[in-house]
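Here's the structure, in structure tokens; my notes come after.
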Amino acid sequence: AFSVVSKLLSQRKLDLLDELVSAEVLQVLKEKISLLPDNHRDALAADIDAIMYTTEGDVRIYYDDDGIKFVSILMRFWYLNGANLPDEVPGETKVFQIVFGDESTKEKRHLLTANYEFQREFTEGVKPDWTITRIEHPRLLE
């Protein structure tokens, strides 16, 4: 889900996120994405093979005012991306240069992070559909 959503964000295909992302988050994303420079937008895309590490940040089970049970999982992702970002992006992890073939062709990759929160209703008998309720790409989507 992270890879699919991040690529759709990068491509500005926000209309395809209606079923995956909460309406509130989608509205904020529409405003932010329209203001992003192309290189930052390109850096949002996380190819599934470029995801280096994932970890859960927070897992919560809670009830709303009507007693409906929800589960929420905050996931953190580290991924490599070849977008043309400056080497000194504040707060970003180290820039790697990967050499393929001869020394004259270097491909620069950035190790970036993203936080996505997934939520679903956990009431018995309810269809297990997950919705993304938070999307953060630090230093890119602010």
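Since the structure is predicted, the reported quantities are computational estimates derived from the model, not experimental observations. Sequence positions, counted from 1, serve as the residue numbers for this chain.
Applying the side chain to side chain contact (heavy atoms under 4.5 Å, CB included) criterion to L16, with sequence neighbours excluded, gives L8, K13. In terms of the side chain to side chain contact (heavy atoms under 4.5 Å, CB included) criterion, residue partners of D58 (sequence neighbours excluded) are, by chain and number, R60, L74. For A50, the side chain to side chain contact (heavy atoms under 4.5 Å, CB included) partners at least two apart in sequence or on another chain are D47, L80. Taking the side chain to side chain donor-acceptor pair (under 3.5 Å) definition, one finds that R41 meets it with D38, sequence neighbours left out.
Counting only heavy atoms from C-beta outward, the side chains of M75 and T54 approach each other to under 4.5 Å. A 4.5 Å side-chain heavy-atom check between Y62 and S72 finds at least one atom pair inside the cut-off.
Here ring-ring contact (aromatic ring centres under 6.0 Å, His included) pairs that include residues 3-33, with residues two or more places apart or in two chains, number zero.
If you take CD on E31 and CG on L14, they are separated by 11.5 Å, rounding to the nearest 0.5 Å. In this structure, the separation between CG on N81 and CG on L111 is 10.5 Å, given to the nearest 0.5 Å. The distance from the CZ atom of R12 to the CG atom of L29 is 13.0 Å, given to the nearest 0.5 Å.
Side-chain heavy atoms closer than 4.5 Å link hydrophobic residues (I, L, V, M, F, W, Y) into clusters, and following such links, even through other members, never connects V25 to L35. Clustering ILVMFWY residues whenever any of their side-chain heavy atoms sit less than 4.5 angstrom apart, transitively, puts V28 in a cluster other than the one holding Y116.
Heavy-atom minimum distance, N84 versus N39: O-ND2, 3.0 Å. Between K32 and L141 the shortest heavy-atom distance is NZ-O, 3.7 Å. Minimum interatomic distance between A43 and L140 (heavy atoms only, all atoms of both residues): CB-CD1, 3.7 Å. For the residue pair S3 and A46, the shortest heavy atom distance occurs at OG-O, 2.7 Å. I33 and L9 get closest at one heavy-atom pair: CD1-O, 4.0 Å. Contact record, P138 with A114: CD-CA, 4.3 Å, taken as the closest heavy-atom pair.
Checked against the 6.0 Å centroid threshold, F77 and H137 do not count as a close aromatic pair. Aromatic ring centres of F70 and F122 lie farther apart than the 6.0 Å criterion allows.
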For residues 123-135, please give each side-chain donor-acceptor pair under 3.5 Å, one per line with the distance, not counting sequence neighbours.
unit_1	atom_1	unit_2	atom_2	d
T123	OG1	K69	N	3.4
T123	OG1	E121	OE2	3.0
T133	OG1	E117	OE1	2.9
R134	NH1	E136	OE2	3.3

Apply side-chain contact (heavy atoms from CB on, under 4.5 Å) to the pair W78 and L112, showing each step before the final yes or no.
CA-CA 6 Å; W78 285 264; L112 302 169; over 6 Å; no
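Annotation for Y63: atom OH does not count as buried by contact number, only 12 or fewer foreign heavy atoms lying within 6.0 Å.
For the 3.5 Å distance criterion, the side chains of Y79 and H110 fail to qualify, holding no donor opposite an acceptor.
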